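First comes the structure, then the notes that go with it.
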Amino acid sequence: MQCLRDQDALIPRPRGNLPKACAAVLAATTIGCIVFLSPERLFGWVAMVILILTLGPLLHGLCLLAEEMLFHSHTRYQRRQLLSHVLPACGLGGKTLLAAGLAGLLLYLAGHPLPHKGQCWKLLFLASVLYALFKSLGVLGPSEVEVSDICEGRKMNVAHGLAWSFYLGYLQLVLPSLEDSIASFHATHQASGPFWGRGSRKLLVLIPLNANISHKLEDEDDNIRFYDNLPNNEIDRAGVRGRVYKHSVYRVLDEHGMAHECVVEYATPLLTLYNMSQQSSAGFGEPERRQQVLLFYRTLQDILDHSLECRNRYKLILLNDEHEDDPHFLSKAILRHLQQQEKEEFCLTPPPQQEMGHLLASTSSAPPSAPPLINGEWHQPEPMSREPTLMYSLEEPQPLREPTENTDHYH
């Protein structure tokens, strides 16, 4: 499981609710101090602060509304949905208006007036106007962490769109027929190589963190050699009749020179991320590219985990660019994942023929090819069916009982 641990150490987790918890603790502590020092004016102060915090965004929303209504009402919004979309888009939603109304009502119902009430109202309007000004100038704009959290939560990143496009436009179309393509390939190339293991019957998708991929795997690692292509998969797609989808088979040599055949390729959307980082007009630097690659991997993995058509037909391999000095890093990474699938994911294997023959020979003197002896009669075993069946018992359920102690077996 070393491969999985290495990948988990690189993949960023979704942001949690720790900022909300810290803010709640700070608010509770501050309110507690005010209650202890001046409890008679608590509701008045709280209402005034809420008004300051809500009137500022409302004024800023009115400034945004003026821009949208004068210059963008016909191009960015549909006429029948103008009011229902433009008001929430400008921050004039029901939550802000409700908070401001409740704060005003609380201030009106407060039993003890605030000290210097006239100055408090001046402070309220001055703070609201300055908030709208600073917000428009970007002084009070959201931080990079907030923008990243919003984009991840609303699936607005470049990586989210590329992951869904890669799944809907490619993987969902080709993975369901991958096993049949590999079986056809093996039938025509049986004499040229060994039988493929179960781990090799998946599409290995390489995702390097630096997004810099080559079009030929053998150019990056001489232990990887192109073998042949799987049979073409033709699908009518977007007006193109018989659009061809194909996969390449490679032979990966291990440290003993033994070849392991597998279907492997890079994730093509990474080319888009890399080319965007090379264009200054895209505003997409190397740190942003690395972050988007990690989000692409996490999003694609989550999509494929919930896809019944693609289940057990793929393997995403995240390649860390810290090992570029190793000329055989790529082949080692592929072999490591193949061995992991063979040893850990597919642990239930049928018993070898030699062990079955030895078992039959030990129970009777009949030859290994004879049917098993049951109750003194020879029975021909029925062929195993690959169709799932439901088996149930007609016996009534029995209560759980502790096993009786029998010490004779231990002496």
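Note that this is a predicted model, so its numbers are computed, not measured.
From Glu288, atom CD reaches atom CE of Met276 across 10.0 Å, with rounding to the nearest 0.5 Å. Expressed to the nearest 0.5 Å, how far NE2 of His328 lies from CG of Leu253 amounts to 9.5 Å. Taking CZ of Phe166 as the reference point, atom OG1 of Thr272 lies at 11.0 Å (rounded to 0.5 Å). If you take CD1 on Ile207 and CG on Leu294, they are separated by 10.0 Å, rounding to the nearest 0.5 Å. Between the CG atom of Leu295 and the CZ atom of Arg290 there is a distance of 12.0 Å, given to the nearest 0.5 Å. Distance CG/Asp219 to CD1/Ile224: 10.5 Å, rounded to 0.5 Å.
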Chi angles and distances behind the ring-ring contact (aromatic ring centres under 6.0 Å, His included) call for Tyr227, Tyr250: CA-CA 5 Å; Tyr227 180 30; Tyr250 287 88; 9.9 Å; no
Verdict with reasoning, Phe185 to Val249, per side-chain contact (heavy atoms from CB on, under 4.5 Å): CA-CA 10 Å; Phe185 178 86; Val249 180; 4.0 Å; yes
side-chain contact (heavy atoms from CB on, under 4.5 Å) between Arg289 and Glu286, worked out: CA-CA 5 Å; Arg289 183 189 65 195; Glu286 183 177 350; 3.4 Å; yes
CA sep, side-chain torsions, deciding dist, call: Ser331, Asp221, side-chain hydrogen bond (donor to acceptor under 3.5 Å, both in side chains): CA-CA 7 Å; Ser331 60; Asp221 193 334; 2.7 Å; yes
Criterion side-chain contact (heavy atoms from CB on, under 4.5 Å) on Thr54 and Leu97, from CA distance to verdict: CA-CA 8 Å; Thr54 53; Leu97 294 174; over 6 Å; no
From CA spacing to verdict: side-chain contact (heavy atoms from CB on, under 4.5 Å), Leu271, Ile213: CA-CA 7 Å; Leu271 290 173; Ile213 61 180; 3.4 Å; yes
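Sorted by first and then second residue, the side chain to side chain donor-acceptor pair (under 3.5 Å) pairs with a member in residues 170-185 read Tyr167-Gln172, Tyr170-His247, Tyr170-Glu265, Ser177-Asn233; sequence neighbours excluded.
Between Lys332 and His337 the shortest side-chain heavy-atom distance does not fall below 4.5 Å. Taking 4.5 Å as the limit, some side-chain heavy atom of Leu304 sits within range of a side-chain heavy atom of Leu316. Between Val264 and Leu203, the closest side-chain pair of non-hydrogen atoms is not below 4.5 Å. Between Leu338 and Ile334 there is a side-chain heavy-atom pair separated by less than 4.5 Å. Side-chain contact between Leu318 and Asn320 is absent, with no heavy atoms from C-beta onward closer than 4.5 Å. Counting heavy atoms from C-beta outward, Leu273 and Leu162 have side chains that approach closer than 4.5 Å. Residues Tyr297 and Leu209 are not in side-chain contact: their nearest non-hydrogen atoms beyond the backbone lie 4.5 Å or more apart. A heavy-atom distance below 4.5 Å is not found between the side chains of Arg298 and Asp302.
For the pair Asn210 (side chain) and Asn212 (backbone), a donor-acceptor distance under 3.5 Å is present. A donor-acceptor pair under 3.5 Å is absent between the side-chain atoms of Glu68 and the main chain of Leu65, judged by distance alone. Asp254 places a side-chain N or O within donor-acceptor distance of the main-chain N or O of Gly257, the cut-off being under 3.5 Å. Put simply, the side chain of Ser307 never gets that close to the backbone of Ile303: no donor and acceptor are under 3.5 Å apart.
Scanning both residues, Leu173 and Leu168, for their nearest heavy atoms gives CG-O, 4.0 Å. When all heavy atoms of Ala267 and Phe296 are compared, the pair lying nearest together is CB-CE2, 4.0 Å. Of all the heavy atoms in Val252 and Cys262, the pair that sits closest is CG2-SG, 4.0 Å. Contact detail for Ser277 and Gly285: the closest heavy-atom pair is CB-O, 4.3 Å. Nearest heavy atoms, Tyr245 versus Val174: CB-CG1, 3.7 Å. Across all non-hydrogen atoms, the minimal contact from Arg313 to Glu309 is NH1-O, 2.7 Å.
No side-chain donor-acceptor contact under 3.5 Å links Ser281 and Gln279. Ser248 and Asn229 share a donor-acceptor pair across their side chains, judged by distance under 3.5 Å alone.
The local environment of CZ in Arg225 is sparse, with at most 12 non-hydrogen atoms from other residues, nucleotides or ligands closer than 6.0 Å. Residue Glu218 places its CD atom among more than 12 non-hydrogen atoms of other residues, nucleotides or ligands, all under 6.0 Å distant. Open room surrounds CD on Glu255; 12 or fewer heavy atoms of other groups in view lie less than 6.0 Å from it.
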